[in-house]
Amino acid sequence: MPGTTVPALLNSTSNQLYLHFYSDISVSAAGFHLEYKTVGLSSCPEPNVPSNGLKIGERYMVNDVVSFQCEPGYALQGHSHISCMPGTVRRWNYPPPLCIAQCGGTMEEMEGVILSPGFPGNYPSNSDCTWRVSFPVGFGAHIQFLNFSTEPNHDFVEIRNGPYDTSNIISRFSGTDLPGSLLSTSHETTIYFHSDHSQNKPGFKVEYQAYELQECPDPEPFANGVVRGAGYSVGQSISFECLPGYQLVGHPVLTCQHGTNRNWDHPLPRCEVPCGGNITAHNGTIYSPGFPNQYPNSQDCTWLLTVSAGYGIHLNFSLLQTEPYNDFITVWDGPQQTAPQLGVFTGNSAKKATQSSSNQVLLKFVSDAANGGIFAIYFYGLYSSLMPCRTSNNGLRLQEARFLLDIRKNFLTVC
């Protein structure tokens, strides 16, 4: 401190003090005279611990730092670290923070707590709070309510299976009954809270924890059909389709359900050959019931084939192995059994063919109580003014051969 002005009173903040005097080669002066005495170092006042919070640090001397944390579910409002400042009057550089239960937020930890605003005090009126719980793909949220009290029917909590306001609602709760635990089936879960203008209550405390979303059993191979769908994880859906000539028995769409043991929400469907039915396709194949296995005994099946007006129907018995005379197929040139009969087909002779003059054909298959068999009848609509197509050496029409199914390799497919 050069010059002639008497410095102001100085206070050290340590139990040691270092003084250094320096003079150059020029003008000399009277110098200085100072007195010192020991004084007690006062500390900053003990900071308040915020409600629902925690203080870390027990030293409150100059330059000491105290930090604060909030309990799970609360957000720290203010400064998480404060420092004791030097000076005649000891004070902290910032006031102690507060721990507040906020209205909404984004939760990315694998476990945590969600509180209604103001918890454990009453929540405010006219609140609309949204919490989004986000995990890595492959995890869902296990949600457990520890406290719950809202105005019945007016103030409520919704759990949504997804990140959007339009995501499917898993459940909705209102009143004072403590909800049971639940599982989301998405790696993103939304918790929405609404309160109206009256009757504020203590609200809720929710704990959530990530759980792994296992896959449901693989449905492949799906006999006589195909499976559509990208994956078998919880919440995903797959669909089933049967090959031509087969009919789906069961639910066509299955969704993988959550739970301790992953499984589909319905039994796996199956594809079976129907015993009869109305067919309106322009071409296709009619199989015997149980195909490619032998048909059961005592069958009585009727099919009605209908194509566009102006067309006839060509039928080719590409596979025929029935008990002669006892198991047989009758074909009529029309929709009823009173129409002209195109033929009765039985025995083991395949490659038989017939053609209607009408756009409708009725087929009736009858089997007795003994001996099974198998058959496949290919059909297609044929414009009535066209002549029959050329056939190959084995009697199969070139146009139809690509559709034939060689189950037992008893006939030749011609391309």
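Worth knowing before you read on, the calculation uses all heavy atoms, side chains too, and leaves out hydrogens, waters and symmetry mates. Just so you know, residue 1 is the first one in the sequence shown, and it goes up from there.
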Report the C-alpha separation of Val206 and Trp131 in whole Å, then their side-chain angles, then the decisive distance to 0.1 Å, and conclude whether the side-chain contact (heavy atoms from CB on, under 4.5 Å) test is met.
-> CA-CA 11 Å; Val206 171; Trp131 294 266; over 6 Å; no
How close do [X] and [Y] get, counting heavy atoms only, and between which atoms?
X	Y	value
Tyr232	Pro219	CZ-CD, 3.5 Å
Glu241	Phe222	O-CE2, 3.7 Å
Leu76	Pro97	CD2-CB, 3.8 Å
Pro47	Lys55	CG-CD, 3.8 Å
Cys84	Met61	CB-O, 3.0 Å
Gly284	Tyr378	O-CD1, 3.2 Å

[X] side chain to [Y] backbone, donor-acceptor under 3.5 Å:
X	Y	answer
Thr285	Ile377	no
Trp303	Leu363	no
Ser356	Trp332	no
Asp327	Asp368	yes
Thr346	Tyr325	yes
Ser367	Ser298	yes
Asn283	Gly381	no
Tyr211	Ser184	yes
Asp333	Ser358	yes
Ser195	Pro124	yes

Is any side-chain heavy atom of [X] less than 4.5 Å from a side-chain heavy atom of [Y]?
X	Y	result
Pro117	Phe193	yes
Tyr208	Thr189	no
Thr322	Tyr295	yes
Phe365	Cys275	no
Ile286	Leu305	yes
Leu146	Val113	no
Tyr246	Arg270	no
His251	Trp264	no

When rounded to the nearest 0.5 angstrom, what is the spacing between [atom1] in [X] and [atom2] in [Y]?
X	Y	atom1	atom2	result
Ile143	Leu182	CD1	CG	5.0 Å
Arg160	Tyr192	CZ	OH	7.0 Å
Lys364	Ile329	NZ	CD1	12.5 Å
Gln321	Ser288	CD	OG	9.5 Å
Ser149	Glu151	OG	CD	10.5 Å
Thr150	Tyr123	OG1	OH	5.0 Å

For the residue pair [X] and [Y], categorise the inter-ring angle as parallel (less than 30°), tilted (30 to 60°) or perpendicular (more than 60°).
X	Y	result
Phe291	Tyr287	parallel
His194	Phe156	tilted
His79	Tyr94	parallel

Could you give me the CA-CA distance, side-chain angles and deciding distance for His154 and Gln199, then say whether side-chain contact (heavy atoms from CB on, under 4.5 Å) is met?
-> CA-CA 9 Å; His154 298 283; Gln199 293 192 34; over 6 Å; no
Report, as yes or no, whether the 6.0 Å neighbourhood of atom CG on Asp177 holds more than 12 heavy atoms from other residues, nucleotides or ligands.
-> no
Inspect the surroundings of CD in Gln69 and state if more than 12 heavy atoms from other residues, nucleotides or ligands are less than 6.0 Å away.
-> no
Side-chain donor-acceptor pair under 3.5 Å between [X] and [Y], yes or no?
X	Y	value
Asn161	Thr185	yes
Asn200	Ser125	yes
Ser237	Thr255	yes
Ser134	Glu108	no

Looking at the rings of Phe204 and Phe173, which for Trp means the six-membered one, are their centres under 6.0 Å apart?
-> no
Would Phe375 and Phe345 count as a close aromatic pair, with their ring centres under 6.0 Å?
-> no
Can Asp155 and Asp196 be said to form a side-chain contact (heavy atoms from CB on, under 4.5 Å), step by step?
-> CA-CA 6 Å; Asp155 302 344; Asp196 65 4; 3.2 Å; yes
Go through the steps for Glu71 and Cys99 under the test side-chain contact (heavy atoms from CB on, under 4.5 Å), then give the verdict.
-> CA-CA 8 Å; Glu71 295 176 1; Cys99 291; over 6 Å; no
